[in-house]
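A quick write-up on the structure given underneath.
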Amino acid sequence: MTNSPLRKKIGYTVLILLVLVVAFDQFLRYCQTRRERINGAIPLKNTMKMLGLALHYYQERHGSLPDDIRDTSTGENLLSWRVLLPEEVDETLPGYQNSEPWDAPGNRELTGFLPDLYQHAGNDRSVTLSDQRVTGLTSALGVKNPSGNWNGTNPDSEPVLYINDKPVLCVGVAAAGRVPWTRPVDYSISKVIDHLQQDQASTSPTILFALFADGNVIPPPFTWKLSAPE
């Protein structure tokens, strides 16, 4: 039995309506993103995804995730791994002195420069984009083992923190966790666990997003477990 002309017309009408609904939804999403960018509030989830891509790109080029810049003679951490990444995503980087600490007089003057990759410290908070540029604060913190290695990069000898059954590489945290983006400060596994436990009883979580090695970015609620070294 063949379809009647009326039935075909109804089918085409429904299909056109579905296409229009999807197109309108995408248009609204685009407008929302544009409005957020104009207001200086680039969505934190989007910037975490950008960070994930940058980490993958760096690893492909150098064979490992970016490390803090250390003084080879003393082992002192001078600058954060975040100072390395902007070069990998074609950001303009000021003239930091890699042989000097992040808070050396010349370097401290440059911490106010904040690459786009980290301009989410005040996302959904009262801190504005201009405030972020002045203070140079970021909420992108790596998750590190006691040795300083990235979580899950050496599971045979280091404990691994799993969030939602996957090793977490980096977290985006609330305003209270912001640090100067050049400062070599990240979250230890134990500190992340402390925050996860506190967040379970709070309506304002500290950890806003988790970034995994596979590039996925997810918001809370989180489940977690710690795998002891084998």
Side-chain angles (χ1 to χ4, degrees), residues 33-34 36-59 61-62 65-69 77-98 100-104 106-144 148 150-151 168-188 191-192 195 205-213 215-219:
T33 301
R34 292 287 299 173
E36 287 171 334
R37 287 183 177 274
I38 291 171
N39 293 335
I42 301 173
L44 174 56
K45 185 175 182 179
N46 289 356
T47 53
M48 291 294 288
K49 286 183 177 180
M50 289 171 56
L51 180 57
L53 290 173
L55 288 170
H56 275 286
Y57 183 48
Y58 188 96
Q59 188 173 30
R61 286 191 60 183
H62 301 283
L65 294 175
D67 198 1
D68 297 328
I69 295 176
N77 286 345
L78 301 177
L79 290 171
S80 169
W81 56 269
R82 291 179 289 265
V83 175
L84 299 174
L85 275 184
E87 292 181 335
E88 305 303 321
V89 291
D90 299 324
E91 291 281 3
T92 301
L93 193 68
Y96 283 101
Q97 298 298 315
N98 288 352
E100 296 291 331
W102 74 274
D103 57 351
N107 285 346
R108 180 180 285 276
E109 293 178 1
L110 298 171
T111 58
F113 173 89
L114 189 65
D116 292 343
L117 192 60
Y118 307 121
Q119 286 179 11
H120 55 73
N123 193 67
D124 297 327
R125 298 295 185 271
S126 58
V127 181
T128 65
L129 183 61
S130 60
D131 291 331
Q132 293 178 56
R133 284 192 178 278
V134 170
T135 57
L137 299 179
T138 182
S139 58
L141 300 177
V143 179
K144 300 291 188 71
W150 290 83
N151 178 55
V168 61
L169 287 183
C170 196
V171 292
V173 299
R178 293 174 300 155
V179 297
W181 72 278
T182 57
R183 186 177 183 182
V185 170
D186 290 289
Y187 273 2
S188 65
K191 190 166 186 177
V192 176
H195 283 303
T206 303
I207 298 180
L208 305 178
F209 285 96
L211 169 65
F212 302 100
N216 283 336
V217 177
I218 62 171

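All residue numbers in this chain count up from 1 along the given sequence.
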Minimum side-chain heavy-atom gap [X]-[Y] below 4.5 Å:
{"X": "K191", "Y": "L141", "result": "no"}
{"X": "L137", "Y": "P180", "result": "yes"}
{"X": "D68", "Y": "D186", "result": "yes"}

Kindly compute the distance separating [atom1] ([X]) from [atom2] ([Y]), expressed to the nearest 0.5 Å.
{"X": "T182", "Y": "F113", "atom1": "OG1", "atom2": "CZ", "answer": "12.0 Å"}
{"X": "L117", "Y": "M48", "atom1": "CG", "atom2": "CE", "answer": "10.0 Å"}
{"X": "N98", "Y": "L78", "atom1": "CG", "atom2": "CG", "answer": "8.5 Å"}
{"X": "L211", "Y": "K49", "atom1": "CG", "atom2": "NZ", "answer": "10.5 Å"}
{"X": "D67", "Y": "N77", "atom1": "CG", "atom2": "CG", "answer": "7.5 Å"}
{"X": "N46", "Y": "L51", "atom1": "CG", "atom2": "CG", "answer": "12.5 Å"}

Hey, does the side chain of [X] reach the backbone of [Y] with a donor-acceptor pair shorter than 3.5 angstrom?
{"X": "W102", "Y": "W181", "value": "no"}
{"X": "R82", "Y": "R183", "value": "yes"}
{"X": "W150", "Y": "P66", "value": "yes"}
{"X": "N107", "Y": "Y96", "value": "no"}

Checklist entry - Parallel, tilted or perpendicular: which fits the ring planes of H195 and Y187, with parallel below 30° and perpendicular above 60°? => result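 Correct class here is parallel.
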Checklist entry - Which pair of non-hydrogen atoms, one from C170 and one from G142, has the smallest distance, and what is that distance? => result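 Looking at all heavy atoms of both residues, the closest pair is SG-N, 3.8 Å.
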Checklist entry - Closest approach of W81 and A140, non-hydrogen atoms and distance? => result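 In this case the closest contact between W81 and A140 is CZ2-O, 4.3 Å.
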